[in-house]
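Worksheet: one structure, shown below.
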Amino acid sequence: MTNKNNSGSFGSSRGLLNKIKKDKKRKPSSTRWIGRQLNDPYVLETQKRGYKSRAAFKLLQINDKFNFLVPGLSVIDLGCAPGGWLQIASEKVSSIIGNEKVIGVDILKTDDIAGCKSIIGDINDKAVGDHLIELLGQKPDVVLSDMAANTTGHRQTDHIRTTHLLEIALDFSIENLNRNGVFLAKCFKGGTEKEALDLMQKYFSKVHHVKPDSSRKESVEGYVIALGFKGK
Ligand SMILES: C[S@@+](CC[C@H](N)C(=O)[O-])C[C@H]1O[C@@H](n2cnc3c(N)ncnc32)[C@H](O)[C@@H]1O
């Protein structure tokens, strides 16, 4: 059977995917990943809008629901590379060059983004957290954490490692947030996150689980948002 792909970008993606599927040297997991990328409307939209990452849509959709990023607020973004969340946060809080209210950190280098500052560092190191506050020049109103450990493929190990990052981000927030502040973090459901959720219930007025449409259905990824920080 001939497979003509002569109309539109969708046709050409399909042709490309067929070619990739026939490549016997490629690992099945890698073929599946490429297939998902080619069929994913958010990937295309990310490029169109000039976002640094597809993850930008997750923050946009969570903010559509809770409307917590408003002009004038200060934001710290933990695990910010390549920078999609920084772009959305700076747009929403109207952060400007020269008076940046949005500061990010990542163990990897983040591209320069207008209205944001970013540093390279590991948030496990307390000095890195202190440096973020120093750069911001005030306590943050919002702490974001999309931090994820590199996945191993072993579900329980991945869950424990990501929950550890959630706990570090939460400790940082409890230490530093302004009263009434907001904490939003990636949270894999799997059991070990209970202690962190209990702490959130204790220190914040409201805690919600949220899975934005742009977070892939088959993924264990979810987010937790804690509103109304009561103070330490
Ligand atoms: C899913 S990506 C973040 C994507 C980002 N929200 C965006 O919109 O572009 C997770 C990031 O967490 C970072 N990360 C993981 N552990 C970290 C740590 N201990 N300290 C700082 N960043 C960390 C990773 O390097 C990775 O860039």
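Whatever order the structure lists them in is the order used to number ligands and atoms, beginning at 1. Heads up: numbering here begins at 1 and tracks the sequence. For the numbers below, each heavy atom of this structure counts, side chains included, while hydrogens, waters and symmetry mates do not.
- The closest side-chain donor-acceptor pair between S215 and E221 falls under 3.5 angstrom.
- Residue A55 has at least one heavy-atom neighbour below 4.0 Å for each of these atoms of ligand 1: 8 (O).
- Ranked by closest heavy atom to atom 21 (C) of ligand 1, the top entry among S145, G129, G121, G104 is G121.
- Residue A149 does not touch ligand 1, judged by heavy-atom distances below 4.0 Å.
- Heavy-atom proximity to G83, at under 4.0 Å, picks out these atoms of ligand 1: 7 (C), 9 (O).
- Within the 4.0 Å heavy-atom criterion, the part of S53 lying near ligand 1 is the side chain and not the backbone.
- Looking at heavy atoms from C-beta onward, E193 lies out of side-chain contact with T162 at the 4.5 angstrom threshold.
- Among protein heavy atoms, the minimum distance from atom 20 (N) of ligand 1 is reached at I123 N, 3.1 Å.
- Between I160 and F188, the closest side-chain pair of non-hydrogen atoms is not below 4.5 Å.
- For atom 1 (C) of ligand 1, the closest non-hydrogen atom of the protein is D146 O, 3.6 Å.
- With sequence neighbours left out, the ring-ring contact (aromatic ring centres under 6.0 Å, His included) criterion links F204 to F229.
- The closest heavy-atom contact to atom 27 (O) of ligand 1, among the options V105, D106, V128, comes from D106.
- The side-chain heavy atoms of V93 and V102, taken from C-beta on, include a pair separated by under 4.5 Å.
- Listed by first and then second residue, the side-chain hydrogen bond (donor to acceptor under 3.5 Å, both in side chains) pairs that reach into residues 166-180 are D141-N178, E175-K232, sequence neighbours excluded.
- In terms of protein heavy atoms, atom 19 (N) of ligand 1 is closest to D122 OD1, 2.8 Å.
- By the criterion of side-chain heavy atoms lying less than 4.5 angstrom apart, applied directly or through intervening Ile, Leu, Val, Met, Phe, Trp or Tyr residues, I225 is not grouped with I76; the two fall into different hydrophobic clusters.
- Looking at ligand 1, you'll find an N or O of G84 within less than 3.5 Å of one of its N or O atoms.
- Taking every non-hydrogen atom of C80 and a distance limit under 4.0 Å, the qualifying atoms of ligand 1 come out as 5 (C), 7 (C), 9 (O).
- Of all protein heavy atoms, the one closest to atom 15 (C) of ligand 1 is A148 O, 3.3 Å.
- Residue K52 places every heavy atom at 4.0 Å or more from ligand 1.
- The distance between the ring centers of F57 and Y51 falls below 6.0 angstrom.
- Between V105 and the options L78, D125, D77, a side-chain contact (heavy atoms from CB on, under 4.5 Å) holds for only L78.
- At a 4.0 Å heavy-atom cut-off, ligand 1 touches L165 through the side chain alone.
- The N/O atoms of A56, backbone and side chain alike, include none that comes under 3.5 Å of an N/O atom in ligand 1.
- Backbone and side-chain nitrogen or oxygen atoms of K186 are examined, and none is located within less than 3.5 angstrom of a nitrogen or oxygen of ligand 1.
- You'll find the ring centres of H208 and F66 inside the 6.0 Å limit.
- Scanning the protein heavy atoms around atom 17 (C) of ligand 1, the nearest turns out to be M147 SD, 3.7 Å.
- D158 and T152 share a donor-acceptor pair across their side chains, judged by distance under 3.5 Å alone.
- Among protein heavy atoms, the minimum distance from atom 2 (S) of ligand 1 is reached at A81 O, 3.8 Å.
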(request) Give the intermediate values and the outcome of side-chain hydrogen bond (donor to acceptor under 3.5 Å, both in side chains) for residues Q61 and S214. (result) CA-CA 8 Å; Q61 289 169 353; S214 48; 2.8 Å; yes
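- Distances below 4.0 Å separate heavy atoms of N124 from the following atoms of ligand 1: 19 (N).
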